[in-house]
> 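Pasting a structure below so you can have a look.
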Amino acid sequence: MAYWLLKSEPDAFSIADLERIHRSLWDGVRNYQARNFLRSMQPGDLAFFYHSSTEPPGVVGVCRVVRTGVADPTQFDPHSEYHDPAAQPEKPRWWTVEVEFVQRFGRMVSLETLRQTFTPDELWVVRRGNRLSVMPVSEEAARRILELAGEAVGSP
DNA sequence: GCCAACGTTGGC
DNA sequence: GCCAACGTTGGC
């Protein structure tokens, strides 16, 4: 099982929104590196939910990948802000996954805490100038983030 | 609101 | 294929 980090601006879609609706497509990603990470996800993978462009930014919970290889429907929707006129239904350009809510941390693990805990090589989200919205997290880093949150997921 | 970082676009 | 201009992200 792999671990990931997914960024979202809470004004657009928050961990509370996911908790309420339980499952959601992670749509609207329009960066090729992020898309490639989405395409390499497997059902059962866990993803940290990160709130960006908020004060403070940080990891606020966990979700699980439940469906993979989904052509992002917003690329075909002329009314969507994510519409991609170059995408064809028979040859989609943007792919995503469906995630389900797992848990919301009792206390967020702030970006400041992440910077104090990890080197940029250990966790991509603390890399200077990092803008990627989907990125892998090592098992070791995932364990430490869960410790920082005072939680344990799926451990016997 | 500012601006560094960096991806994308398009002229050549 | 280069690279300047431009747009977006996201922390601060």
Side-chain angles (χ1 to χ4, degrees), chain A residues 2-21 24-41 45-65 68-99 101-138 140-142 144-151:
Chain A
Y3 296 89
W4 307 90
L5 184 145
L6 297 169
K7 282 186 194 172
S8 181
E9 299 191 16
D11 286 350
F13 187 68
S14 71
I15 187 81
D17 293 327
L18 182 61
E19 183 171 20
R20 189 175 62 252
I21 66 177
S24 177
L25 278 187
W26 201 266
D27 58 14
V29 173
R30 293 295 180 271
N31 170 280
Y32 285 104
Q33 193 178 4
R35 180 205 66 178
N36 292 342
F37 285 135
L38 286 167
R39 292 189 75 173
S40 64
M41 289 182 183
D45 287 357
L46 287 183
F48 291 101
F49 200 119
Y50 179 95
H51 280 178
S52 64
S53 292
T54 189
E55 184 51 44
V59 176
V60 292
V62 178
C63 55
R64 180 185 293 111
V65 176
T68 59
V70 182
D72 184 338
T74 62
Q75 68 191 305
F76 309 123
D77 178 1
H79 302 297
S80 169
E81 61 176 312
Y82 303 117
H83 180 231
D84 182 350
Q88 301 298 320
E90 61 276 9
K91 198 174 193 311
R93 180 182 292 195
W94 304 107
W95 297 85
T96 190
V97 300
E98 186 177 28
V99 298
F101 177 82
V102 173
Q103 74 170 175
R104 187 174 181 175
F105 290 158
R107 55 177 183 207
M108 87 155 13
V109 181
S110 69
L111 178 59
E112 183 184 9
T113 298
L114 294 173
R115 287 195 193 285
Q116 290 165 358
T117 306
F118 298 102
T119 66
D121 283 341
E122 290 170 333
L123 189 70
W124 286 18
V125 79
V126 304
R127 287 185 190 180
R128 192 167 126 88
N130 168 72
R131 286 167 40 191
L132 200 58
S133 66
V134 179
M135 66 191 78
V137 174
S138 72
E140 167 66 15
R144 289 167 74 187
I145 292 170
L146 291 170
E147 285 171 9
L148 289 167
E151 309 279 355

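Chain letters run A, B, ... following the sequence lines, proteins first and then strands; every chain starts at 1. The figures here come from the full heavy-atom set of this structure, side chains too, leaving out hydrogens, waters and symmetry mates.
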> Measure CG/A:Asp11 against P/C:dT9 and give the value in whole Å, please.
14 Å
> What's the CG-P distance between A:Asn130 and C:dG10, to the nearest Å?
8 Å
> Please determine whether a side-chain nitrogen or oxygen atom of A:Lys7 lies at a distance below 4.0 Å from atom OP1 or OP2 of C:dG10.
yes
> To the nearest angstrom, how far is A:Asp84 atom CG from B:dT8 atom P?
12 Å
> What is the distance, to the nearest angstrom, from the OH atom on A:Tyr32 to the P atom on B:dG7?
14 Å
> Think A:Tyr50 has a side-chain N or O under 4.0 angstrom from the OP1 or OP2 of C:dG11?
yes
> Whole angstroms only, please: what is the CD-P distance between A:Gln116 and C:dG11?
16 Å
> Could you tell me the separation between the CG atom of A:Leu5 and the C1' atom of C:dT9, rounded to a whole number of Å?
15 Å
> Measure the distance from CD on A:Glu9 to C1' on C:dG10 and round it to the nearest whole Å.
7 Å
> Check the distance between C:dG11's P and A:His51's NE2 and give it to me in whole angstrom.
12 Å
> Among B:dC6, C:dG10, C:dC12, which is the nearest nucleotide to the side chain of A:Arg115?
C:dC12
> Please pick, from C:dG10, B:dT8, B:dC6, the nucleotide with the shortest atom-to-atom distance to any side-chain atom of A:Arg131.
B:dC6
> Step through it carefully: locate the ring centre of A:Phe49, locate the ring centre of A:Trp26, and say whether they are under 6.0 Å apart.
yes
> So, A:Arg64 side chain and A:Ala47 main chain: donor-acceptor pair closer than 3.5 Å or not?
no
> Using 30° and 60° as the class boundaries, would you call the ring planes of A:Tyr3 and A:Phe48 parallel, tilted or perpendicular?
parallel
> Tell me whether A:Asp72 is salt-bridged to A:Arg30, with the criterion being a basic N under 4.0 Å from an acidic carboxylate O.
yes
